[in-house]
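Okay, structure first, notes after.
As the structure lists them, so they are numbered: ligands from 1, and atoms in each ligand from 1.
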Amino acid sequence: MDFFLDTASIESIKSFQDFGLVDGVTTNPALLAQEGQEPLRQLKEIAAMVAGPVSAQVVETDPERIIKHAQKLARVADNIVVKIPASTAGLLAAQALRAEGIKLLVTLNVHAVQTIPFIRMGVDYVAVFVGRLDAAKLDSTSLTWDTRRVIDQLNSPTKLMAASLRTPDHLTNAVAAGIHVATVSPAFWNQVFANPIFTSVEREFLQSWQQLPQELRRGYESWDDEEAG
Ligand code: G3P
C-alpha cells in the first residue's frame with residue numbers, strides 16, 4: 001500500500017519525504033490556490049521532486065475542454081496523473097485520454113456504481129472521498145469495500161485510493177477495506193502523531209526511568225559498550 005501526500009506545499013513535501021510518507025502527491029485546484037503561486041510552475045516543481053505519481057485536476061466540466069486541459073497537464077511531466085470527475089463528461093474524456101496513454105485518477109465519487117465504467121476501462125486510480133461522504137451522512141466504509149470488490153470482480157488494474165481523510169478511523173477503516181493508496185494531508189499526519197494519550201504515556205515512562213540511579217541506568221542508555229563498562 002502506498003501513502004501519497006495530499007498537498008501542493010513544497011515545504012510539506014520536503015518534510016514528509018524525510019518520514020518516508022511520500023510515495024506520490026495529490027493536488028487539487030483548492031490546494032494549488034492555497035499556495036498563492038503560479039500553479040503550473042508549482043506543479044512542475046512538485047513533479048520534479050517526487051519520484052512517484054503527482055496528480056493535477058482539470059478545471060473544466062465539458063468533455064472537449066476536459067480533454068484539452070488534461071493533455072496540457074499531462075505535458076508538465078511524465079509522472080503527472082490527471083484527475084478527472086466521475087461524471088458523464090469525465091467518462092467521455094477518459095476514453096479519449098486513455099487511448100493517448102494519459103494516466104488518470106477519477107475523483108468525486110459518491111457511489112461505487114459511478115466508478116464501475118471507469119474501473120472496467122482500467123483507469124489508473126479511483127478515489128473515495130471518505131471525509132466528504134461522512135459529512136454528507138453517506139456510508140464511506142461500505143463504498144470503499146464495494147469499490148474494492150468491483151475492482152477484484154472485474155479483474156481490473158485500477159488502484160483504489162482513499163482521499164479526504166479526516167479522522168484516524170477513516171484511514172484505519174480504509175486500509176482494512178483494501179485500498180491500494182491513501183492520500184493523506186500533512187495536517188492529518190500531525191494530528192495522528194500528536195495524540196495526547198501517546199505523549200502523556202511516553203512522558204510517564206521517561207519519568208519512571210529517571211527514578212533509577214544514574215550508575216544503574218548507564219549501561220542501558222549508552223550506545224558505546226566500552227564507555228558503559
Ligand atoms: O486528493 C483528495 C483531496 O483533494 C480531497 O480534498 O478537500 O476533501 O480534503 P478534501
Side-chain angles (χ1 to χ4, degrees), residues 1-13 16-17 21-37 39-40 42-43 45-47 49-50 52-61 66 69-70 73-74 76-77 79-87 90 94 102-112 114-115 118-119 123-141 143-144 147-148 158-175 177 179-192:
M1 202 208 87
D2 287 335
F3 282 125
F4 289 6
L5 199 64
D6 197 29
T7 187
S9 154
I10 303 286
E11 205 183 307
S12 294
I13 294 168
F16 282 83
Q17 276 175 328
L21 293 172
V22 188
D23 299 315
V25 166
T26 49
T27 72
N28 65 34
L31 291 172
L32 281 165
Q34 214 169 292
E35 295 307 305
Q37 303 293 326
L40 262 193
Q42 184 84 357
L43 197 56
E45 199 175 332
I46 295 171
M49 64 193 286
V50 175
V54 173
S55 70
Q57 190 162 339
V58 294
V59 288
E60 302 290 347
T61 51
I66 291 177
H69 196 209
L73 294 173
V76 168
N79 55 343
I80 293 290
V81 175
V82 181
K83 268 188 184 178
I84 57 166
S87 58
I102 292 177
K103 295 186 270 303
L104 298 176
L105 189 166
V106 177
T107 186
L108 305 174
N109 302 302
V110 291
H111 196 287
Q114 215 176 335
T115 64
F118 293 96
I119 291 170
V123 296
D124 300 82
Y125 302 91
V126 290
V128 175
F129 265 46
V130 176
R132 299 234 178 207
L133 293 175
D134 263 16
K137 307 267 179 270
L138 293 166
D139 187 348
S140 62
T141 305
L143 174 62
T144 312
T147 311
R148 176 59 208 250
T158 298
K159 289 186 175 164
L160 177 58
M161 173 184 286
S164 189
L165 301 161
R166 304 280 188 260
T167 69
D169 282 351
H170 284 165
L171 178 55
T172 313
N173 292 340
V175 174
I179 54 162
H180 301 100
V181 186
T183 187
V184 182
S185 69
F188 179 101
W189 282 127
N190 291 334
Q191 173 201 343
V192 166

Heavy-atom donor-acceptor pair, Asp6 side chain to Ala163 backbone, under 3.5 Å
no

Determine yes or no for a side-chain-to-main-chain donor-acceptor pair under 3.5 angstrom, with Asp124 supplying the side chain and Leu104 the backbone.
yes

Ligand 1 atoms nearer than 4.0 angstrom to some heavy atom of Thr26 are 1 (O)

Chi angles and distances behind the side-chain contact (heavy atoms from CB on, under 4.5 Å) call for Leu105, Val123:
CA-CA 7 Å; Leu105 189 166; Val123 296; over 6 Å; no

Going by the closest heavy atom to atom 2 (C) of ligand 1, which one wins out of Ala187, Ala8, Ala163?
Ala163

In terms of residue, atom name and distance, what is the protein heavy atom nearest to atom 6 (O) of ligand 1?
Asn28 ND2, 3.7 Å

Quick one: nearest non-hydrogen protein atom to atom 3 (C) of ligand 1, plus distance?
Asp6 OD2, 3.0 Å

Closest to atom 1 (O) of ligand 1 by heavy-atom distance, out of Met161, Gln57, Lys83, is Lys83

Check whether any side-chain N or O of Gln42 sits under 3.5 Å from a backbone N or O of Ala8 as a donor-acceptor pair, and report yes or no.
yes

Please work out, at 4.0 Å between heavy atoms, whether the side chain, the backbone, both, or neither of Arg166 comes within that distance of ligand 1.
side chain

Val22 and side-chain contact (heavy atoms from CB on, under 4.5 Å): which partner among Val184, Ile13, Thr7?
Ile13

Check step by step if side-chain contact (heavy atoms from CB on, under 4.5 Å) holds for Ile179 and Met1.
CA-CA 7 Å; Ile179 54 162; Met1 202 208 87; 4.1 Å; yes

Could you tell me whether some N/O pair between Thr183 and ligand 1 is separated by less than 3.5 angstrom?
no

When distances are taken from atom 7 (O) of ligand 1, the protein heavy atom at minimum range is Arg132 NH2, 2.7 Å

